Amino acid sequence: MSFPAATTAQTVTHTATGADSTAVAQSVVQSVDWLAIAPPTIAAVVALAVLVADLFVADARKALLGWVSVAGLAASLVMLLPLLDGDRSTFCLTGEPGVCSYTADRFTLVIQFLVLGGALLAALLSVTALKDARKRLPEGEFWFLLLSSAAGAALLPASRDLATLIVALEVASLPAFALVGLRHGDRRSSEAALKFFLSSVTATAVSLMGVSFVYAATGTLHLTRIAERIQDVDGQLHTLAQTGVVLTLVGFAFKTAAVPFHFWVPDTYVGAPLPVAAYLSVVGKAVGFTGLILVTVIALPSYADVWGPALAALAALTMTVGNVGALRQQGTRAYSAVRLLAWSSVGQAGYLLVPIAAAAYSDDAEQSIGSTVAYALMYAAVNLGAFAVAALVGRTRTLNRITDYRGLYATNPLTALLLAFFLLCLAGLPPGIIGLFAKVAVFSAAVDAGLGWLAVVMAVNVVIALFYYLQWTALLFRAPEGEPAKHLVPAPLTAAIALTAVLGIGLSGAPQLVLRFADTGLF
């Protein structure tokens with residue numbers, strides 16, 4: 001008579017165990033907010049689709065891959081609109097919905113707009129560049145790499161744990177190495193890719209070591225939890241935590257091309273296809289600065305006394321070396337126009353670092369970060385416009401020297417006027433009101449934070465930059481030497497120049513929109 005009772009007990013036990021297992025399984029399985037992750041997901045899916053389609057599309061129809069890629073990036077941008085209603089998070093810890101790995105807040109959307117918009121403009125430049133390359137650039141691989149990098153760049157601002165942050169950073173960076181060295185039979189391109197690869201791999205190794213030290217000291221990878229726990233680190237682990245903070249900052253300094261980690265920039269920009277150089281100057285820089293903001297301001301606010309002075313010193317050094325390097329460029333040297341833009345981008349990186357450093361000293365860190373985002377938006381629009389005009393001139397003047405722009409107004413008046421406008425925006429002079437507005441915002445962030453010395457260094461560097469920007473601008477309106485070259489503007493190049501011009505001119509008319517748009521809502 002005991003056997004049925006035992007059997008019943010076993011059945012009940014197995015049933016209870018099965019119920020517990022089901023409950024555990026259900027707690028582990030998470031629902032994914034597909035709308036929140038749509039922008040980087042679309043870019044990644046289109047990248048795979050283009051790579052597969054390249055196997056079946058005839059050579060005569062390869063140009064379709066470019067337009068599919070442009071459409072995919074445009075679709076990713078459009079998918080930002082439904083996310084404007086409110087913050088969305090996904091991939092959260094079980095039982096703790098406030099601790100998530102992916103968050104689509106206002107800061108995320110602004111940076112995703114910047115990187116996806118920059119990638120879209122670079123793609124428009126690439127359509128013409130691939131056609132002119134005459135098979136020296138494999139189209140399927142090119143579009144796959146560009147879209148993959150854009151997907152990683154769009155993922156990074158939404159990352160809220162260090163593991164996702166590093167993965168996104170590498171997804172954005174690794175395809176960029178290949179893009180730089182993708183041109184067949186070009187020794188300069190291969191050397192540029194090697195320099196870029198070695199410097200970036202070093203940066204990644206240093207960052208990973210820093211991240212591992214921070215994890216060892218805090219026991220977590222989520223940024224908000226690191227901010228809570230790193231304040232109460234055991235005394236024996238305090239040195240380990242400080243070392244991790246410093247190494248993480250050094251790694252991101254490489255990514256942002258901050259001096260002295262900038263040595264790869266000029267040669268990489270010259271050796272890369274011009275649309276790739278434009279992409280790196282805007283999207284690559286945005287990726288580095290976004291990661292730096294997330295790590296310092298969200299994860300390590302209690303270590304502001306460490307990263308604040310370090311970033312302030314880096315900002316002063318970076319803007320000075322970048323502007324002096326641009327000032328030394330000789331107009332008759334081969335690729336001097338691209339080299340000037342490369343050194344200029346280093347100088348601009350210094351300006352972008354100023355508000356992040358100011359956040360360590362300011363009572364309103366969100367406003368300081370908003371100044372960085374506002375400056376990045378201005379810089380992205382006008383710098384891509386300058387690269388678009390450089391790509392146009394480079395179609396007939398392959399050495400792309402500064403002297404090749406002499407008399408551009410005589411042959412292409414509208415293009416010359418737009419390039420002058422872009423350069424004046426970068427210089428911060430009227431009619432480039434948006435450039436002046438962005439520089440004033442950065443300058444104010446430094447002054448409000450009590451960094452008067454950094455504001456003085458910035459003012460001196462703005463004066464230095466005026467010289468080489470105005471020198472190039474004046475050259476556009478001089479009488480041409482010899483037979484003037486006609487620059488035919490293909491439709492994709494026209495679209496890229498027009499879009500950047502509309503953004504620059506529109507924002508110069510209403511510069512307050514930039515700060516309103518750059519209200520990050522990060523805190």
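All values derive from a computational prediction rather than experimental measurement.
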Do side-chain atoms of Thr218 reach the backbone of Arg229 as a donor and acceptor pair under 3.5 angstrom?
-> no

Assess the side chains of Tyr102 and Thr108: does a donor N or O sit below 3.5 Å from an acceptor N or O?
-> no

Of Leu314, Val206, Val245, which is the lone residue that meets side-chain contact (heavy atoms from CB on, under 4.5 Å) with Val250?
-> Val206

Report the C-alpha distance between Tyr469 and Ser344 in whole Å, list the side-chain angles of each, state the deciding distance to 0.1 Å, and finish with yes or no for side chain to side chain donor-acceptor pair (under 3.5 Å).
-> CA-CA 9 Å; Tyr469 284 131; Ser344 165; 2.3 Å; yes

Note: Val127 and Pro492 closest approach over all heavy atoms is CG1-CG, 3.7 Å

Rounded to the nearest 0.5 Å, the OG1 atom of Thr224 sits from the CD1 atom of Ile298 at a distance of 8.5 Å

Please report the C-alpha distance between Tyr351 and Val462 in whole Å, then the side-chain angles of each, then the deciding distance to 0.1 Å, and finally whether the side-chain contact (heavy atoms from CB on, under 4.5 Å) criterion is met.
-> CA-CA 10 Å; Tyr351 302 145; Val462 169; 4.0 Å; yes

Check: Asn400 side chain, Ala390 main-chain N or O, donor-acceptor pair, under 3.5 Å = yes

Quick one: sort the Phe196 and Trp264 rings into parallel, tilted or perpendicular, breaks at 30° and 60°.
-> parallel

Is a donor on one side and an acceptor on the other found under 3.5 Å between the side chain of Thr256 and the backbone of Ala253?
-> yes

Do the non-hydrogen side-chain atoms of His262 and Thr318 ever get within less than 4.5 Å of each other?
-> no

Would you please say whether a donor-acceptor pair under 3.5 Å links the side chains of Ser362 and Gln367?
-> no

Is there a donor-acceptor pair closer than 3.5 Å between any side-chain N or O of Ser508 and the backbone N or O of Gly432?
-> no

Specify the closest pair of heavy atoms between Gly385 and Thr500, including all atoms of both residues, with the distance to one decimal.
-> CA-OG1, 3.4 Å

Heavy atoms of Lys439 and Cys425 approach each other most closely as NZ-O, 4.4 Å

Between the side chains of Ser149 and Tyr279, does any donor sit under 3.5 Å from an acceptor?
-> yes

If every non-hydrogen atom of Leu120 is compared with every non-hydrogen atom of Ala74, which pair is closest and at what distance?
-> CD1-N, 4.3 Å

With no hydrogens and no angle check, is any side-chain donor or acceptor of Ser345 less than 3.5 Å from a backbone partner on Ala342?
-> yes

Nearest-0.5 Å distance that lies between atom CG in Leu179 and atom CH2 in Trp143 = 10.0 Å

For Arg183 and Val180, indicate whether the former's side chain and the latter's backbone hold a donor-acceptor pair under 3.5 Å.
-> no

Trace of the side-chain contact (heavy atoms from CB on, under 4.5 Å) decision for Val171 with Leu155 | CA-CA 9 Å; Val171 171; Leu155 171 63; 5.8 Å; no

Taking all non-hydrogen atoms of both residues, which atom of Tyr269 and which atom of Val338 are closest, and how far apart?
-> O-CG1, 3.7 Å

Salt-bridge test for Arg88 and Asp105: reply yes if a basic N is under 4.0 Å from a carboxylate O, no otherwise.
-> no

Are the side chains of Pro82 and Leu35 in touch, meaning some heavy atoms are under 4.5 Å apart?
-> yes

Within a strict 4.5 Å, meaning less than it, do heavy atoms of the Asp161 and Val99 side chains meet?
-> no

Which is it for Ile166 and Leu208 under the side-chain contact (heavy atoms from CB on, under 4.5 Å) test, yes or no, and what are the steps along the way?
-> CA-CA 8 Å; Ile166 294 296; Leu208 285 173; 3.6 Å; yes

Hey, what do you get for CD1 (Ile433) to CD1 (Ile505), rounding to the nearest 0.5 Å?
-> 12.0 Å

In Å and rounded to the nearest 0.5 Å, what is the CG to CE distance from Asn323 to Met319?
-> 8.5 Å

Does any non-hydrogen side-chain atom of Arg106 lie less than 4.5 Å from one of Val373?
-> no

Heavy-atom check, side chain of Leu156 versus side chain of Leu165, under 4.5 Å = yes

Give a yes or no on whether Arg328 atom CZ has more than 12 heavy-atom contacts from other residues, nucleotides or ligands under 6.0 Å away.
-> no

Answer yes or no: does atom CZ of Phe263 have more than 12 heavy-atom neighbours from other residues, nucleotides or ligands under 6.0 Å?
-> yes

Contact check, side chains of Leu194 and Glu191, non-hydrogen atoms, under 4.5 Å = no

Check the surroundings of atom CZ in Phe261: do more than 12 heavy atoms from other residues, nucleotides or ligands lie under 6.0 Å from it?
-> yes

For the side chain of Thr90 and the backbone of Thr103, is there at least one donor-acceptor N/O pair under 3.5 Å apart?
-> no

Side chains of Cys100 and Arg160: closer than 4.5 Å at any heavy-atom pair?
-> no

Supply the atom-to-atom distance Leu116 CG to Leu77 CG, rounded to the nearest 0.5 angstrom.
-> 5.0 Å

Go through Phe144 and Leu48 one step at a time and tell me if the side-chain contact (heavy atoms from CB on, under 4.5 Å) criterion holds.
-> CA-CA 7 Å; Phe144 168 73; Leu48 292 173; 4.0 Å; yes

For Ala386 and Leu341, which heavy atoms make the closest approach, and how far apart are they?
-> CB-CD2, 4.2 Å

From Ser101 atom OG to Leu221 atom CG, the distance as rounded to the nearest 0.5 Å | 8.5 Å

Are any side-chain N or O atoms of Ser173 and backbone N or O atoms of Glu170, one a donor and one an acceptor, separated by less than 3.5 Å?
-> no

Are Leu503 and Leu384 close enough that some pair of their side-chain heavy atoms sits under 4.5 Å apart?
-> no

If only atom types and distance count, is the side chain of Asn383 paired as donor or acceptor with the main-chain N or O of Tyr379 below 3.5 Å?
-> no

Looking only at atom types and distance, does a side-chain atom of Asn461 sit under 3.5 Å from a main-chain N or O of Thr320, one as donor and one as acceptor?
-> yes

